[in-house]
Structure formats: structure tokens, C-alpha cells
There are 2 protein chains.
Amino acid sequence: MTMNLKTLAQELGLSQTTVSRALNGYPEVNEATRQRVQQAAARYNYRPNSRAKGLATGRAMMIGHVIPASTRHEMVNPVFGDFVGGASDAYARHNFDMMFTRVADGNDESTYRELKAKRAVDGVIIQGPLVNDARIPLLNALDLPFVVHGRSSGIDEPYSWVDVNNKRSFQRATEFLLDLGHTRIGLINGLEHMDFAQRRRDGYLAALKARGIPTDPALMRSNEMTEVFGHHQTRHMLQLDAPPTAILTSSMISAIGVRRAIEEAGLKMGRDISIITHDDELSYLKNGQDVPIFTATRSSVWKAGEIAAEMLLSQINEPANVPQTRLLEAELVVGRSTGPAPQG
Amino acid sequence: MTMNLKTLAQELGLSQTTVSRALNGYPEVNEATRQRVQQAAARYNYRPNSRAKGLATGRAMMIGHVIPASTRHEMVNPVFGDFVGGASDAYARHNFDMMFTRVADGNDESTYRELKAKRAVDGVIIQGPLVNDARIPLLNALDLPFVVHGRSSGIDEPYSWVDVNNKRSFQRATEFLLDLGHTRIGLINGLEHMDFAQRRRDGYLAALKARGIPTDPALMRSNEMTEVFGHHQTRHMLQLDAPPTAILTSSMISAIGVRRAIEEAGLKMGRDISIITHDDELSYLKNGQDVPIFTATRSSVWKAGEIAAEMLLSQINEPANVPQTRLLEAELVVGRSTGPAPQG
DNA sequence: TTGAAAGCGTTACCAG
DNA sequence: CTGGTAACGCTTTCAA
């Protein structure tokens with residue numbers, strides 16, 4: 001048997017009401033009484049039953065993260081872990097908890113509906129948005145607060161998001177390789193229906209176009225970002241008549257496979273071929289300026305998680321408070337769509 | 001306003017009791033009534049409010065995973081993601097949810113106490129056990145059901161665990177390298193207070209000893225399993241007067257750094273040096289037998305997550321049901337400690 | 001086979 | 001400043 005409000009109140013010779021008020025910081029309680037109550041609560045290690053509290057207040061103090069089963073590898077992607085780490089720090093500050101639901105493919109509509117109907121969460125974070133992601137209209141219709149990590153092209157409803165500037169960073173990375181003299185640059189990208197993959201490709205193409213370098217479809221691959229595919233795609237590219245002299249990879253995990261394929265081909269890194277990866281903390285000197293290349297570094301993704309969580313909580317706490325699109329620290333971008341959204 | 005039991009019952013002209021019984025599969029309800037109720041529930045997309053249900057039943061239908069902040073890199077370790085993936089599959093089958101709590105270092109005692117006092121979860125999974133891990137006696141004292149992913153040497157209380165055979169796999173891997181003719185084998189291990197790291201080292205040492213190969217402390221490193229440290233440690237080992245000709249790595253993530261250091265040293269993989277990594281799906285022919293080397297492959301870790309979750313749920317549902325130590329599929333081991341535990 | 005009513009442990013309203 | 005009491009939405013006994 002564990003302590004509850006009723007017995008704690010009896011123990012103190014007070015009413016449940018007063019004890020509850022003392023513990024929840026209501027002003028109208030006598031300071032001496034409050035002290036007494038707090039001490040007793042500490043002594044008995046009393047914590048309000050979260051389900052009872054939730055029932056009474058109508059708030060779950062819980063945020064849901066729904067993970068499609070298809071993206072089994074997603075959980076392994078460092079971006080996932082870092083984002084979630086940052087978010088959970090923010091939740092902890094506000095005494096919220098974080099709930100994960102893995103969902104079979106194609107089943108996410110019913111999952112969100114259920115989350116809403118069961119009142120299991122006060123809001124959700126959407127990870128890995130697709131192009132024209134159906135979850136966004138769904139959640140708007142369900143009136144379940146949410147924030148998207150990333151953006152979804154093709155959606156014209158309002159929604160809040162936090163993203164890195166994928167287009168700009170891939171454009172920069174490509175320019176960097178061009179500056180080094182490479183003209184055949186391979187792109188190992190994520191799946192094309194993922195929104196970020198399109199933005200990254202756009203950046204890559206824009207850089208090539210600006211220099212008048214022809215694009216070669218054989219150098220542009222897209223698939224799940226796993227070691228196996230990184231390896232596979234690289235092997236094929238290296239067998240081309242005119243293989244790439246540099247490779248741009250979308251994730252640290254696929255880069256493992258890329259490097260293995262390069263090893264196996266007997267090529268020497270840095271001499272025969274160069275590779276750079278989206279998670280790298282890289283910058284380079286250009287016109288006397290230190291220019292960062294990638295924006296999805298481990299720490300900025302962590303930060304993105306924190307910001308997304310804070311946005312969601314503020315949306316939940318004061319629904320009137322609609323976030324504005326703005327730039328954060330030059331690298332992170334947050335926004336409310338259907339406003340004047342920053343490009344990239 | 002969303003549908004609840006009361007209005008659903010009114011809509012049907014039935015009592016809440018009957019509706020509840022019909023929906024929860026109680027036998028004493030008229031089949032025609034049940035049909036009618038189920039259809040109405042589906043039509044209104046009714047789901048019982050999980051907090052109200054939890055209050056009434058005394059069960060949270062939620063499992064907690066507590067993640068120490070120190071292991072920030074842990075969330076990035078594929079082992080973490082795969083284990084959690086498997087576990088959440090199992091939870092989904094039983095309609096349980098999964099809650100994550102990140103906790104500042106040294107604060108985990110109060111976190112577990114709070115989880116218990118708030119009745120937020122029905123049980124917890126312990127990840128990354130240390131040698132003589134204090135969480136085990138704590139949770140036993142709190143009477144909060146738990147299952148450990150891994151084991152904790154030095155604990156003599158009973159507890160349930162699921163583990164791979166770390167010792168045997170590192171012993172095998174070392175033997176494999178010895179069979180290839182290597183005599184200077186570097187070990188890049190996890191932090192030594194982590195229980196698994198000790199077991200792995202033991203396996204490595206046992207293999208060397210069996211062949212009479214002297215051990216060299218300079219070849220045995222242990223640290224967090226990150227790219228940075230993998231790189232760092234490898235660089236140092238390669239600068240030795242007698243550098244290793246093979247390296248055994250504890251994780252795919254640190255292996256990234258290992259490979260980079262080897263590249264930078266201008267060595268050619270497979271000719272100058274070989275590396276194998278604990279996550280590799282490797283096997284080799286020995287005496288005409290195909291012998292698997294490592295046991296912590298991605299898929300077996302996934303499976304371990306499923307098994308751990310199932311053990312925990314069965315412990316929660318029928319506390320009398322104490323799991324027995326046993327071998328699963330030759331590679332996974334589950335158990336109840338203070339029984340005759342399998343070695344390794 | 002069905003229903004009324006008493007919890008489950010809080011919060012919040014309304015009196016005093 | 002404090003207390004009584006009615007929600008919150010469900011399950012579960014006890015009666016019918």
C-alpha cells in the first residue's frame with residue numbers, strides 16, 4: 001500500500017483539499033501549513049497518482065512519438081536518438097513524459113485516432129515527414145496538437161515544424177567538393193518520398209547547375225539509409241565507366257557501407273576518392289570566411305528536439321499562441337507553414 | 001467533445017455496465033446486445049479513456065524505460081534502437097504502451113521511486129547494467145517488476161534478465177583472429193564498469209590464454225563506444241612500436257572511428273590490418289562446421305527486446321510465474337539469477 | 001442477462 | 001485560509 005492524498009490528509013489532520021493546494025503551490029494556503037504538508041509529503045514520499053491527476057485535470061502530461069515500423073532503421077539513425085534526447089530534456093523540464101508507439105505500416109491513421117480517443121497524450125511529434133504527408137491534415141482534423149520534425153512539401157494547411165536547412169547544406173557541400181575540383185560527385189540520398197531527401201537533392205542539383213556541371217542520373221541514388229544500401233549503391237557507382245571521385249552521403253549509417261565498398265574496391269580514401277557525410281561537423285574557409293557546411297550535426301539535431309518539444313508544449317498550454325516562422329542560430333529553422341516560409 | 005461510456009450507453013439505451021461488459025468480452029452478455037454495442041462503439045470511434053481505465057483497474061498498461069543522461073550516446077547505439085524496437089512490438093501485442101524517461105546522472109534512484117509512487121508504469125526495463133548495479137536491489141525493494149537487458153555481476157539478489165553470450169562471442173572472435181595467424185590483437189571495448197564490457201574482455205583474455213599468447217595492456221582499451229573514442233584509441237594503438245595487426249571492436253559506432261584512424265594511417269584494410277566488430281553477422285568454417293562468431297547481431301538484439309518485454313509482461317500479469325534460466329536459439333540467454341546461470 | 005451504485009485518487013468549485 | 005463535495009470516466013460488486 002502506498003501513500004495517497006486521503007491518508008496523507010488524515011495523517012496531518014487536514015482536508016484533502018488543503019493538502020492538495022499546499023502541494024500544488026496555490027497561494028491561499030497558510031505558509032506554516034504548507035511547510036507542514038510538504039514535509040509530511042516528503043517523509044512519506046508521496047506523489048500524486050498520475051492517472052487520477054490526469055482524470056481530474058484532463059491533461060495526460062504525456063507527449064506521443066509515433067514510429068512507423070517501416071522505418072525500423074530510423075531508430076538506429078543517430079538523428080533519431082539525438083532528436084529524441086533533446087525533446088525528452090525539454091519534457092523533463094515541464095514534468096511531461098514521453099510515450100513511444102511503434103505502428104505497423106499504413107496503420108498510422110488509426111493509431112493517431114486511437115491516441116486521441118483514448119486521451120493518452122496531449123500532443124504528438126511527427127518524425128520523418130513524407131512529401132505531402134497525410135498525417136498533417138489528419139492531426140489538424142483530429143485537433144490533436146503536433147509539431148513536425150522536418151517539413152512536408154505539398155501541404156497547404158497550417159502546421160508547426162522545426163527543421164534544418166537541408167537544401168542549403170547539400171548545396172554548400174556540393175560547392176565545397178566542386179571547389180576542390182571534383183566534377184563527378186555521387187549522391188547517396190534517403191528515400192525520395194521522404195521530404196528531406198528531396199530538399200537535399202535540390203541543393204545538390206542547384207550547386208551543379210550553378211557551375212554548369214551536367215547531372216548524371218547514374219550518380220544519384222536513393223534508398224533507405226542503412227549500411228547495406230550504402231555499400232550496395234557505392235559498389236555500383238564505382239563500377240561505372242566514369243566512376244565518381246567524390247561521394248556525398250545522407251547519413252552516418254549509410255556512410256559505413258560506403259566506406260566499406262571503397263575499401264573493397266582497393267581505392268585509397270582522400271587520394272582516389274573523397275566522401276563527406278551529412279552528420280559531419282565540417283566547415284571550410286571560403287573568401288576568408290569560415291563557412292559551415294552541414295547543419296544536421298549531432299548537436300543541432302539535439303537542439304531541434306528541444307525546440308520542437310518546447311513549441312509543442314507551448315501550443316498545448318496556450319493554444320492561442322501560434323508560433324511564427326523564424327530562423328534560429330542561423331542553422332535551425334522553425335516555422336508555421338502557410339506563412340512566408342524560409343526556403344531550403 | 002469526444003465519445004465516452006456514459007453517452008454511448010445513453011445512445012444505446014443500455015447501462016454503462018452492460019456496454020463496458022460487452023466491449024471487454026465478458027461472457028454473460030447477450031450476443032445480440034454485444035453486436036449492437038460493438039457496432040455503435042465502432043461507429044462513434046469510441047475508446048475507453050486510458051486514465052480512467054487505469055484508475056479503475058489499478059494498472060497503467062505502460063512500461064517504463066529509464067535512460068541515464070550519461071549514456072547520451074547509448075540512444076545512438078544501434079543496440080539500443082533494435083532492443084527497443086523488439087520490445088515495443090511485444091508491448092503492442094499486449095496493448096501496453098512504452099514510456100521513456102531520461103534522467104540526470106546519479107538521479108536514477110529518485111526517478112524509479114517516483115515512477116513507482118506516481119504509479120506511472122507497471123514495470124520497467126533496465127538497460128546497460130553496470131557491474132554490481134544498484135538499481136537491482138532498489139527495484140526489488142520497491143517491488144516494481146523489472147527485467148534487465150544484460151546481467152550484473154556481483155548482485156546476489158534474484159532478478160530476471162535477457163542477455164547475449166558476450167564472453168563466448170568475444171572468445172570466438174579472438175580465436176578466429178588467432179586462427180588467421182594474428183598474435184597482436186587490439187581490443188576496443190566499452191567502459192569497464194559496464195557489465196558487458198567485462199564479459200567481453202574475459203572472453204578475449206580466455207582465448208589468448210588458451211593459446212599461450214601473452215596479453216599486452218597497451219592493446220586493451222576501454223571507453224565510451226563513440227566514433228571519437230574509437231578513432232582516438234586506434235590512433236594510439238597504431239603508434240605503438242608493435243602495433244596490432246587486428247582489432248576487435250565492441251560496437252559499430254566506435255568501428256567508424258577505428259576505420260577512419262586506419263585510413264589516416266595509410267594502412268590497407270585486410271592487408272595491413274583486419275578489424276571485426278561485435279555487430280557483424282560473421283561466421284566461419286571450422287572443422288567443417290559453420291561457426292557463428294558474434295551473437296549481438298542486429299536481429300538477435302531485436303529478439304532480445306521482444307523476449308525481455310514478454311518476460312516482464314508475464315511477470316506483471318502473473319507474479320507467481322517466475323522465469324527459469326534457459327537458452328534460447330543457442331544465442332540468446334534468458335534467466336533468473338541466483339539459479340544455475342549459464343556462463344558467458 | 002441487465003442495472004444501480006460504490007469505488008479508484010485527484011482537482012476544483014462553492015461555502016464558510 | 002480551510003473544508004465539503006461534486007466531478008473526471010471507467011470497472012466491479014451486488015442485486016434483481
Side-chain angles (χ1 to χ4, degrees), chain A residues 1-38 40-41 44-62 95 97 114-122, chain B residues 1-38 40-41 44-62 95 97 114-122:
Chain A
M1 107 110 234
T2 96
M3 184 56 61
N4 63 12
L5 191 62
K6 187 183 202 168
T7 60
L8 181 61
Q10 283 169 350
E11 211 74 24
L12 283 160
L14 289 168
S15 72
Q16 298 188 31
T17 312
T18 303
V19 176
S20 173
R21 277 199 278 243
L23 258 22
N24 287 308
Y26 281 67
E28 68 265 33
V29 83
N30 183 306
E31 200 46 38
T33 311
R34 189 193 302 283
Q35 293 296 332
R36 215 158 59 83
V37 171
Q38 282 174 339
Y44 291 112
N45 195 33
Y46 167 75
R47 295 280 185 298
N49 178 315
S50 51
R51 292 192 298 287
K53 184 165 189 162
L55 228 207
T57 57
R59 310 171 87 301
M61 301 301 277
M62 176 97 69
N95 293 312
D97 288 315
E114 185 164 329
L115 243 31
K116 167 77 178 184
K118 290 199 317 183
R119 318 206 107 131
V121 299
D122 299 315
Chain B
M1 107 110 233
T2 98
M3 185 55 60
N4 64 10
L5 190 61
K6 188 183 200 170
T7 61
L8 182 61
Q10 282 170 349
E11 212 74 22
L12 283 160
L14 288 169
S15 72
Q16 300 189 32
T17 314
T18 302
V19 176
S20 172
R21 277 198 279 240
L23 258 21
N24 288 309
Y26 281 67
E28 68 265 35
V29 77
N30 182 306
E31 200 46 38
T33 311
R34 189 192 302 282
Q35 293 297 331
R36 214 158 60 85
V37 171
Q38 281 173 339
Y44 292 111
N45 194 33
Y46 168 74
R47 295 279 186 299
N49 178 314
S50 52
R51 294 192 298 286
K53 185 164 190 161
L55 229 206
T57 58
R59 309 170 87 306
M61 300 302 276
M62 177 96 72
N95 293 312
D97 288 315
E114 185 165 329
L115 244 30
K116 167 77 179 183
K118 290 201 315 186
R119 319 204 106 135
V121 298
D122 299 315

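As the structure is a prediction and not an experimental result, all values here were calculated from the model. In the text below, chain A, chain B and the rest are named by the order of the sequence lines, each starting its count at 1. Computation of the quantities below employed the complete heavy-atom set of this structure, encompassing side-chain atoms and omitting hydrogens, waters and symmetry-equivalent molecules.
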Drop me the distance from Met61(B)'s CE to Asp122(B)'s CG, to the nearest 0.5 angstrom. 7.5 Å
Looking at OG1 of Thr18(B) and CZ of Arg34(B), how far apart are the two atoms once the value is rounded to the nearest 0.5 Å? 11.0 Å
What contact category does Arg47(A) fall into here, base, sugar-phosphate, or nothing, at under 4.0 angstrom with non-hydrogen atoms? sugar-phosphate
Length of the [atom1]-[atom2] vector between [X] and [N], whole Å:
| X | N | atom1 | atom2 | answer |
| --- | --- | --- | --- | --- |
| Glu28(A) | dC14(C) | CD | C1' | 13 Å |
| Asn24(B) | dT1(C) | CG | P | 17 Å |
| Leu12(B) | dT1(C) | CG | P | 18 Å |
| Gln10(A) | dT10(C) | CD | C1' | 15 Å |
| Arg119(A) | dG9(D) | CZ | C1' | 10 Å |
| Arg34(B) | dT2(C) | CZ | P | 10 Å |
| Gln16(B) | dT1(C) | CD | P | 21 Å |
| Lys6(A) | dA6(C) | NZ | C1' | 11 Å |

Out of [options], which nucleotide sits closest to the side chain of [X]?
| X | options | result |
| --- | --- | --- |
| Ser20(A) | dG9(C), dT2(C), dT11(C) | dT11(C) |
| Ala52(A) | dT11(C), dT2(C), dG9(C) | dG9(C) |
| Val29(A) | dT2(C), dT2(D), dC10(D) | dT2(D) |
| Asn4(A) | dC10(D), dT2(D), dG9(C) | dG9(C) |
| Tyr26(B) | dT12(D), dC10(D), dT2(D) | dT12(D) |
| Leu55(A) | dG9(C), dG3(C), dT11(D) | dG9(C) |

So does [X] get a side-chain nitrogen or oxygen closer than 4.0 Å to the phosphate oxygens (OP1/OP2) of [N]?
| X | N | answer |
| --- | --- | --- |
| Thr18(A) | dT2(D) | no |
| Lys53(B) | dT11(D) | yes |
| Asn49(A) | dC8(C) | no |
| Tyr46(B) | dC10(D) | yes |

dA4(C) base to Thr17(B) side chain: any donor-acceptor pair below 3.5 Å? yes
Would a 4.5 Å heavy-atom cut-off, applied to side chains only, mark [X] and [Y] as touching?
| X | Y | value |
| --- | --- | --- |
| Asn49(B) | Asn4(B) | no |
| Thr17(A) | Arg21(A) | yes |
| Asp97(A) | Lys118(B) | yes |

Of Arg21(B) and Thr57(B), whose nearest nucleotide on DNA chain C comes first from the 5' end? Arg21(B)
Taking for Ala56(B) and for Pro27(B) the nucleotide of DNA chain C with the nearest heavy atom, the one nearer the 5' end belongs to Pro27(B)
With distance as the sole test, does Thr7(B) use its side chain to make a donor-acceptor pair with the main-chain N or O of Met3(B) at under 3.5 Å? no
